[in-house]
2 protein chains.
Amino acid sequence: MMRLTRRTEYGLMALAWLARAGGRFHSVREITENLDVPRRLLAEILKDLSQAGLVEAVRGPGGGYRLREDPGRLTLGRIVNVLEGPTIFAECYQGDCDLSPRCTIKRGIGEVARRLEAVLEDFTLEEVVHGPAGAPAPSPSS
Amino acid sequence: MMRLTRRTEYGLMALAWLARAGGRFHSVREITENLDVPRRLLAEILKDLSQAGLVEAVRGPGGGYRLREDPGRLTLGRIVNVLEGPTIFAECYQGDCDLSPRCTIKRGIGEVARRLEAVLEDFTLEEVVHGPAGAPAPSPSS
DNA sequence: TAAATTAGCACCGGTTTGGTGCTCTTTCAA
DNA sequence: TTGAAAGAGCACCAAACCGGTGCTAATTTA
Ligand code: SF4
Ligand code: SF4
């Protein structure tokens with residue numbers, strides 16, 4: 001209910017870390033050593049982000065992941081969309097709901113969904129990294 | 001993930017119906033006959049709404065439920081809060097999360113959560129009933 | 001070749017969710 | 001005072017979802 005899954009939070013942490021680390025490719029091992037999240041799980045998450053084109057992947061020694069876009073251009077909406085699927089607030093807004101014909105709140109709910117989505121689309125990874133009003137974030141210990 | 005549960009949607013439909021029906025008390029039977037949602041389940045939901053003080057309940061013949069407040073004063077935020085619990089978007093925002101100390105996105109996420117909550121708090125039951133810009137809602141066939 | 005790394009996929013245990021059954025209590029009206 | 005119409009309470013169930021892991025490829029570099 002209206003709560004991010006762990007997957008998404010781990011993914012966001014990794015993306016935020018990558019945003020600060022920048023530059024070269026960083027392996028899952030390196031990331032998890034800094035973030036202390038379950039390694040195998042984060043690997044799965046980053047794979048998804050890679051398939052969605054949000055990060056770039058390179059295999060083999062020296063390989064790893066790298067942001068494909070500018071953190072200021074990557075919206076929270078897109079990230080959540082990849083990690084949790086497209087349905088926000090109500091099914092009928094994107095896909096289709098079986099009780100859609102009989103549903104009396106559909107219209108109103110659609111409006112709410114749009115507003116919520118707008119909020120998510122308004123935040124960028126950069127803002128998530130830096131926190132509200134440029135609060136100092138701990139520098140990566142790489 | 002970011003999607004309302006069925007419970008909440010059923011609850012909203014019932015509340016919306018009650019808002020339009022208004023006046024006297026309406027039994028679960030009467031409501032479900034108009035809305036076509038699982039009877040026993042809606043009973044459970046309305047019980048919760050009653051305990052939370054959003055609706056008024058009277059037992060016995062002629063009894064049922066009735067809105068306790070003006071639909072224009074009842075926010076979507078409060079309803080969702082009752083039906084799905086208080087955690088919006090992230091645990092650390094209200095309760096506490098075990099990885100809160102090590103979490104790097106906490107601050108940014110908190111800001112997002114506030115914005116999302118504000119949207120929910122901005123919509124009232126009345127707006128859900130009437131839809132965007134006063135779209136005509138089908139009148140209850142009572 | 002050997003090692004480092006991502007990709008793919010199946011699996012598992014625990015929780016949540018949608019939904020139902022059954023009994024008890026309250027209230028009204030005949 | 002009795003019976004029926006309601007809600008209240010609570011236990012229960014099956015299916016879906018979620019966090020997390022194991023194992024085996026495929027790819028790349030040295
Ligand atoms: S049609 Fe109604 S019940 Fe179905 S997803 Fe939309 S709002 Fe929810
Ligand atoms: S501390 Fe981090 S991981 Fe925990 S709920 Fe808050 S944002 Fe999510």
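Chain A is the first sequence line, chain B the second, and so forth, proteins listed ahead of strands; every chain is numbered from 1.
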Next item on the list: Report yes if a side-chain nitrogen or oxygen of A:Gln51 is closer than 4.0 Å to either non-bridging phosphate oxygen (OP1 or OP2) of C:dG8; otherwise report no.
Entry: yes

Margin query: Between C1' on C:dT5 and NZ on A:Lys47, what's the gap in Å once rounded to a whole number?
Written below: 14 Å

Checklist line | Donor-acceptor pair, side chain of B:Glu33 and main chain of B:Glu30, under 3.5 angstrom | finding: no

Item checked: Rounded distance (nearest 0.5 Å) linking atom CG of B:Leu116 with atom CZ of A:Arg115 -> 11.0 Å

Margin query: In whole Å, I'd like the distance from the CG atom of B:Leu42 to the C1' atom of C:dT20.
Written below: 14 Å

Next item on the list: Round to the nearest Å and state the distance from A:Leu4 atom CG to D:dC17 atom P.
Entry: 18 Å

Checklist line | Rounded distance (Å) that lies between atom P of D:dA16 and atom CD of A:Glu91 | finding: 14 Å

Check: Is the phosphate of D:dG20, meaning OP1 or OP2, less than 4.0 Å from a side-chain N or O of A:Tyr10?
Finding: yes

Notebook entry, point to check: Shortest non-hydrogen contact from B:Asn81 to B:Pro86?
Noted result: OD1-CA, 3.0 Å

Next item on the list: For residues 47-58 of chain B, pull every pair meeting side-chain hydrogen bond (donor to acceptor under 3.5 Å, both in side chains), keeping only residues two or more places apart or in separate chains.
Entry: B:Arg7-B:Asp48, B:Glu44-B:Lys47, B:Glu56-B:Arg66

Note to self: When you measure from the side-chain N and O atoms of B:Tyr65 to the phosphate of D:dA6, is any distance below 4.0 Å, counting only OP1 and OP2?
What the structure shows: no

Next item on the list: Ignoring the backbone of B:Ala57, work out which of D:dG19, C:dT6, D:dG7 is nearest its side chain.
Entry: D:dG7

Note to self: By the 4.0 Å heavy-atom rule, please label B:Arg29 as base, sugar-phosphate, or nothing.
What the structure shows: nothing

Checklist line | Gap between atoms CG and P, on A:Asp48 and C:dC9 respectively (whole Å) | finding: 12 Å

Check: Does the side chain of A:Ser50 get closer than 4.0 angstrom to OP1 or OP2 of C:dA7 through an N or O atom?
Finding: yes

Checklist line | Hydrophobic cluster membership, B:Phe89 vs A:Val82, 4.5 Å side-chain cutoff | finding: yes

Check: Taking atom C1' of D:dG7 as reference, at what distance in whole Å does atom CD of B:Glu30 sit?
Finding: 15 Å

Notebook entry, point to check: If each of A:Gly64 and A:Glu44 is mapped to the nucleotide of DNA chain C with the nearest heavy atom, which maps nearer the 5' terminus, i.e. the 5' end?
Noted result: A:Gly64

Item checked: Interatomic distance where CZ belongs to A:Arg6 and P belongs to C:dG14 [whole Å] -> 18 Å

Note to self: Could you walk me through whether B:His130 and A:Arg107 satisfy the side chain to side chain contact (heavy atoms under 4.5 Å, CB included) test, starting with their C-alpha distance in whole Å, then the side-chain angles of each, then the deciding distance to 0.1 Å, before giving a yes or no?
What the structure shows: CA-CA 8 Å; B:His130 290 132; A:Arg107 289 174 149 265; over 6 Å; no

What's touching nucleotides 25-30 of chain C from the protein side, N or O pairs under 3.5 Å?
| residue | atom | partner | partner atom | Å |
| --- | --- | --- | --- | --- |
| C:dT25 | O2 | B:Arg59 | NH1 | 3.1 |

Next item on the list: Check the hydrophobic clustering (I, L, V, M, F, W, Y; side-chain heavy atoms under 4.5 Å; chains of links allowed) and say if A:Val58 and A:Leu54 are grouped together.
Entry: no

Notebook entry, point to check: Within this structure, what is the CG-to-C1' distance between B:Leu41 and C:dT17, rounded to whole angstrom?
Noted result: 10 Å

